Each structure stands twice: as C-alpha cells, then as structure tokens.
Peer 1: 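Dropping a structure here in structure tokens format, bear with me for questions.
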Amino acid sequence: MRWSQTLIPTQKETPADAQIISHQLMIRAGLIRQLTAGAYDFLPLGWRALHKAMKIVREEMDAIGASEILLPALQPMELWQRSGRDVAYGENLVKLKDRHGRALVLGPTHEEVITELVQAYVSSYKQLPLSLYQIQTKFRDEFRPRFGLLRVREFLMKDAYSFHAVSESLDKTYDDFYKAYERIFTRCGIPFVVVEAESGPIGGSASHEFMAACTAGEDTILTSDKGNYAANVEKCETGPRAGDLSGAPVGELQKLHTPGLPGIDDVAKFLKTKPKNMLKTLVFSVRNGNPAARGAEDAAGGPPSGPRTENLSSPAYVVAVVRGDHDVNEAKLKQHASAHFRVGHLELIDSAEVRQNWAIGFVGPDEAARRADTVMLIDPDAAQGGFWVTGANEIDHHVKYFNWFRDCGDALANPAKVATADIRNAVDGDPSPRNDGGVLKASKGIEIGHVFKLGTKYSVAFDAHYLDDKGESHPFIMGCYGIGIGRILIAAVESMHDEKGIVWPAAIAPFQCVITPIKYDGEVKAAADALYSQLVAAGVDCILDDRDARPGFKFADADLIGFPVRVTIGDRGLKEGNVEIKKRTATDPEMVAMDGVVQRVMALLHT
RNA sequence: CGGGGUGUAGCUCAGCUUGGUAGAGCGCUUGGUUCGGGACCAAGAGGUCGCAAGUUCAAAUCUUGUCACCCCGACCA
C-alpha cells in the first residue's frame, strides 16, 4: 500500500469529546470517525486492524471445529416474543417496522435465530455436538453510548453457539472455547484476566468473562492475591465476615437536623464524620408476577428466579442495610431475600408510593424493624455495635449513636423478619471466598470475551429437540460464546501506547511495517520501491510513505499510528548501502545493510 | 429518563453580555524558499453561524420551539 493512494486522516489535535485515550488515539491516527452517537466509520487503517483481529478469531474458531455462518441482522419480532426477550431486552432492542407494518428488530445477539435454524435441520444425537459461529454487526440501542468504540450502538461481534446432547459434551466444548479465547487474546497481544461471571443453572463455574485489564474499563473486577479467584464485581462473593447485632451502644441516640441532605457523602461531610460510620438504608418494593421482566436475560443476565411468593404474608418491602461506604449488590440481595424470606421479584423504585410511605433519603433501620410489612437484610459490616449515623425516618433529619438492639428491639431476633447476609459489592481488601486467607484486590477491566453455558432455555422456548439413541426426544443443551471485535482494538490501544501515539502489537497492527523515505526521489525512491517489493514478497504487511512531506512530519505520523517497525531510507545511509530500522518501542534505530533488511524486519516482528 | 453543557470553515475554537459587511490557528489550493523529528513567505479557496418560527429597519448575537452531540447521574435516594 502506498500512503498517498489511501485515506489516512491523521490529526494533531485531540478531539474535544474523546474522553479515554484509546478513543483519542484512534481518531487522531485516522482509524475511525464518528458518524452519530455510538456508530463509527472504520477507515482503511481501522478496518485493517479489525480484519487482523477477525482473522485470528476465525483461525482459532476453526481450529476447535466451529463452522462459520452468517445470520441476518434483521429479525422478526416474533422470535423475540417466543423467548421472552422482547421484554427482557427492553429499550436496548432496536425495533422497527417494515412497510407492511410487520415488527422487526435489529439483532443485538442471535440465540433466537440460531436456535430456530438448528431446530429446523438437526434432529439426531448423531449430528451432535455442533458449534457454529459468525462475525457480524450487532445493534443495541444503548442508553448512553460513550468512550469511542467501548460502548456503541452498532458493533462487530463474534458470536458462537454450541449444541449438545449431554452436559459432559457441553463441558468439553466450553473448555475448548475457553482455551481458544486464551489463545486469541494472547495472539492479539492483549493482557487479560479471566474472571468468574456467574454460576449458572448447570452448576460449577458456568460462565467466565475475559477482561482486558485497563483503567478505562467500565467493569470492576476482584482478584484474590492467592491467584486462585477472580470475579466481576456483580458476581464476586466474599469470604465469611463476622456480624454481631448485639454490639453495645457507645452513646445516647441523638436526633440531628440535616436539611436537604439525603446523600451519604453530604451528611457525612455536614456531620464531620465518614461514610463508613453511617448506615445506608435502602428500601426495595416487592412485586409479584411479571416474570418476563426477569430471569429471561441473556448470558449477562441474573440468576434463575427464586420461588415466587404467592402467599399473602409476602412482605411489601425489603430493606437493605449496608455501611455508608459500601454498595448494595442487587443480585445478592435478591438471592438472600429469596432464600430467607421467599421474596420473589424486587424492584428498587422511586415511586410516589414508596416516597409516601418512607422518608426516602432519611430512612433508618428501626423503621424497618417496626413495620409489619417489611423484612430486613443487613450486611455483616453494618451489623456491628459502635458509632452509627443513620436516617431518623423524618425528612431532613438523621440520628447518631444508633444501636441495633436498643433502637430496633426484639424484631432483630426474628429470623423470619431480619437476617444478616452478604448483600454488598465486594471491595478491595475483602476476604477471598476461597477461604484460604486470600485478600481481594479491585481493578478495572474491559470485557472482551464471554463464555457461557446456556442450558436449555432457548431450545425449550423454540421446541428445538433431538432424538437420542433410544428414540427419546430432548431439548438441545446449549452454550454461547462472544467476543467484541472492536473491543480487541480498544484493549490493545488502551494497554499499549505512549505519549507519541499507539504502539500496536504486530499481530493486529494495520500494517506491520512502514517504509519512510526521507525524500521520495532519485536513488532513495528507487531503494524504497525495491525494499517495498522485497518486503511484500516476503509476506510482510507493508505501507510505503511516498508522500512529499518533511521527514519529521512523516515520523510523527508513523509514531502516532504506531506501526511496529519503521524502515527509514535516506541519502546518508544509502551512501554506505545502509538503511535504518527502528522498532516502535526502541529509542534508537539500527543501521542495516540493504540486503539484510527483510530478514531483520521479520526477526523484529517476531520478538 | 433527570440534570448540565455545546452547536460558527474539514479540525480546534473566538465573536454573542451591549443586534449593524463572518474571524483566528491548524488543515486545503497555487507559487517560491526549504527539506533527517509535525518548516517559512506570499497569494487564495472554503461558512444556509444546527434547524424553524418570532421580535427588529437590521439577528451568529435577543425570545420561543425543535434537532443533534457531549458530560454527570440514575444501585452512594
């Protein structure tokens, strides 16, 4: 490729609305351009890098026996109604109507379509297992697109689906995919960690996320310092923590005027204390019914719904109490509410109804203890004696020196009403759930891949069955496996760049090598052309900077884009029969004789 | 969806308070001088000031509406 013949709109200035470094650099290097919120043009260099990543993904998918297909992005709404995900996906589904008024969606993922396909053509255990994959554009009506390619409304994703007769077969395929993903991200040169996502209905560790470790990530991950546990914060459990509601008071209860301060941080500042000395009391209302709104999520969805309460004694509210500096984990809360109180569907809502019944922003645990229609879950770190500031159950008022038993009474001793349980997000420093003395460390990551054991959710919904060797009919057992192709680029740029620009890993660089003639003329031009031909003939992916521009200008562009190797040709070296070769990461170039260039470049690309 | 902000040349922005002929830098074109880490001089091209109504003799500027984009929040009530 000759530079002058393609489109590489580099720019010196950082775009005003790019927040994270990968977004800034990808725009400045001329890889992408935003068309509208959450939708990007891929320009020649960006598309080439994307292609490199796709090639690696394809090779590793093919290597584990998965077959590539292409499914439509345009799908009938009816498919989504059958799986219940028209509701579960909600506003994130891009919906449209054709001229006849038929409801359609632009697919955010393809479980429905693939299940419909396999249902039609696979009917015998002899055809199993079967793994199919595609690389295709997905659509999600993201509530808030942001951070360049990180959160977009239209994006390239590799999604794979496997079909099995028995769960042992799924286990094996799952493991194949897991290992293939490790190879893919390793080959792409991206530092990553694998975290436990969720224990699905099949049991064991049924879901893993592949996270690129970088500070711009939107996901929080926790890793045990013993190196044997890592999980997404949504899923991360903690080792046992002691809670003791019977701790002694340290002072008389005092009511304080805290006008217009419903927030933890504001109150703490106002009262000159710290959030960790406060109790955060959150009111959840309980809704029975409406099962479609839950449990029907996809790979990233919540745990299976607990026993739905039909009995009349079902509480109206669940109150969650955590320390002021902690956050409630809604999945854990649901799980424990279900286990302890047989509460079904929880909603955290800011409705007029809840506001009427509770002094939202100023709620204290004692109110929950008093009310007959309310149950309470307390995090162990909040279930302690000592100094507590919490709500006074009256607008614009808090109390200090709150004590559990003195101020809540014997209701605390009623296990049908109050329980202590791990209901908060894990934080840095928590004990590892492996119970081996490990301590959890928190960090940020970008989710670049996800493997998940689906089970029979979709095969049941679509009557996708096979006949076993006894002639009996069973739904397929399924797995699904996704990789965000664009996120591979983000992860690479986020983790590998310097003050001059991107530092591409050779495997996914738009070009492996740039040839920079100091002046594209005369002997230098002839030498550059010759070298270009030799390198291309040797299979090196090469771009020739044939622009009539000053050297400094070309060097700056080359560094900004981040080609792994630069070959510089000028009069000075050429007199001695030499050219300069410089790795992007090296500070100084090395002089190499013309006839050794190809060999040297190839050697550098493989180190 | 709530709050905030911004829409003026391809890009980054000034001008708006106090209405009166559309601006700068970068980029682009032409010519010249340059030429090993984002050159310099000169001459140019390029804008329905997001869109629509309104006020006014006159609107980028004031008013209203609307659209787009960005940020923060929405699980710290």
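Only heavy atoms go into these numbers, but all of them, side chains included; no hydrogens, no water, no symmetry mates. Letters A, B, ... are given to chains in the order of the sequence lines, protein chains preceding strands, and every chain is numbered from 1. The structure presented is a predicted model; accordingly, all values stated were derived computationally and were not measured.
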Peer 1: Could you tell me the Watson-Crick or G-U partner of B:rG46, where both distances fall under 3.5 Å? Say none if there is no partner.
Peer 2: none

Peer 1: Closer than 4.0 angstrom, basic N to acidic O: yes or no for A:Asp529 and A:Arg2?
Peer 2: yes

Peer 1: Listed in order of residue number, which residues of residues 378-390 of chain A have a non-hydrogen atom at under 4.0 Å from RNA chain B?
Peer 2: none

Peer 1: Rounded to whole angstroms, how far apart are NZ on A:Lys235 and P on B:rC75?
Peer 2: 16 Å

Peer 1: Which whole-number value in Å describes the distance from A:Arg144 CZ to B:rG3 P?
Peer 2: 15 Å

Peer 1: Please state the C1' separation for the pair B:rC67 and B:rG23 - nearest whole angstrom.
Peer 2: 27 Å

Peer 1: For nucleotides 28-41 of chain B, give me one character per nucleotide, 5' to 3': B if any protein heavy atom sits under 4.0 Å from the base, S if the only such contacts are to the sugar-phosphate, - if neither.
Peer 2: ------BBBBBB--

Peer 1: Toward the 5' end of RNA chain B, which comes first, A:Arg146 or A:Asn425, by nearest nucleotide?
Peer 2: A:Arg146

Peer 1: Can you tell me, in whole Å, how much space there is between the P of B:rU63 and that of B:rG19?
Peer 2: 12 Å

Peer 1: Looking only at the side chains, is there a donor atom on one of A:Tyr89 and A:Asp141 sitting less than 3.5 Å from an acceptor on the other?
Peer 2: no

Peer 1: Could you check which nucleotide pairs with B:rG20 in any of the strands shown, counting Watson-Crick or G-U wobble with both distances under 3.5 Å?
Peer 2: B:rC57

Peer 1: When rounded to the nearest Å, what value does the distance between P atoms of B:rC40 and B:rC35 take?
Peer 2: 14 Å

Peer 1: CG of A:Leu7 versus P of B:rG10: gap in Å, rounded?
Peer 2: 16 Å

Peer 1: Using atom P of each nucleotide, how far apart are B:rA24 and B:rC70 to the nearest Å?
Peer 2: 30 Å

Peer 1: Suppose you measure atom C1' in B:rC51 against the same atom in B:rA68; what distance do you get, rounded to whole Å?
Peer 2: 10 Å

Peer 1: Closest nucleotide of RNA chain B for A:Pro15 versus for A:Val328: which of these residues is on the 5' side?
Peer 2: A:Pro15

Peer 1: Which whole number of Å gives the distance between the P atom of B:rC71 and that of B:rG31?
Peer 2: 43 Å

Peer 1: Can A:Asp325 and A:Arg323 be counted as an ion pair, charged N to O under 4.0 angstrom?
Peer 2: yes

Peer 1: Contact between A:Ser4 and A:Tyr520 at the side-chain level, heavy atoms closer than 4.5 Å - yes or no?
Peer 2: no

Peer 1: In whole Å, what separates the P atom of B:rC16 from that of B:rU48?
Peer 2: 22 Å

Peer 1: Quick one: look up who B:rC69 pairs with, Watson-Crick or G-U, both distances under 3.5 Å, and put none if it's unpaired.
Peer 2: B:rG5

Peer 1: Is any side-chain heavy atom of A:Ile518 closer than 4.5 Å to one of A:Phe555?
Peer 2: yes

Peer 1: Is A:Asp571 atom CG crowded by more than 12 heavy atoms from other residues, nucleotides or ligands, each under 6.0 Å away?
Peer 2: no

Peer 1: From CD of A:Gln19 over to C1' of B:rC69, roughly how many Å is that when rounded to an integer?
Peer 2: 12 Å

Peer 1: To the nearest angstrom, how far is A:Leu35 atom CG from B:rA68 atom P?
Peer 2: 13 Å

Peer 1: If you measure from the Lys or Arg side-chain nitrogens to the Asp or Glu carboxylate oxygens, is any gap between A:Asp422 and A:Arg241 under 4.0 Å?
Peer 2: yes

Peer 1: Once the angle between the rings of A:His340 and A:His336 is folded into 0 to 90°, is it parallel (under 30°), tilted (30 to 60°) or perpendicular (over 60°)?
Peer 2: tilted

Peer 1: I need the CD1-P distance between A:Ile264 and B:rG73, as an integer number of Å.
Peer 2: 17 Å

Peer 1: Would you mind pulling out the nucleotide paired to B:rG36, Watson-Crick or G-U wobble, both distances under 3.5 Å?
Peer 2: none

Peer 1: What is the distance, rounded to the nearest whole Å, between atom CD of A:Glu91 and atom P of B:rG2?
Peer 2: 13 Å

Peer 1: Do A:Glu154 and A:Thr137 get their side chains close enough for a donor-acceptor pair, meaning under 3.5 Å?
Peer 2: no

Peer 1: Using ring centroids (six-membered ring only for Trp), state whether A:Tyr401 and A:Phe387 fall under 6.0 Å.
Peer 2: yes

Peer 1: Taking only Lys NZ, Arg NE, NH1 and NH2, and the carboxylate oxygens of Asp or Glu, determine whether A:Lys280 and A:Asp327 approach each other closer than 4.0 Å.
Peer 2: yes

Peer 1: Grab the CD1-C1' distance between A:Ile27 and B:rU12 for me, whole Å please.
Peer 2: 13 Å

Peer 1: Can you identify which nucleotide, out of B:rU12, B:rA68, B:rC71, has its nearest atom closest to the A:Thr36 side chain?
Peer 2: B:rA68

Peer 1: If we take the C1' atom in both B:rC49 and B:rC13, what is their distance in whole Å?
Peer 2: 14 Å

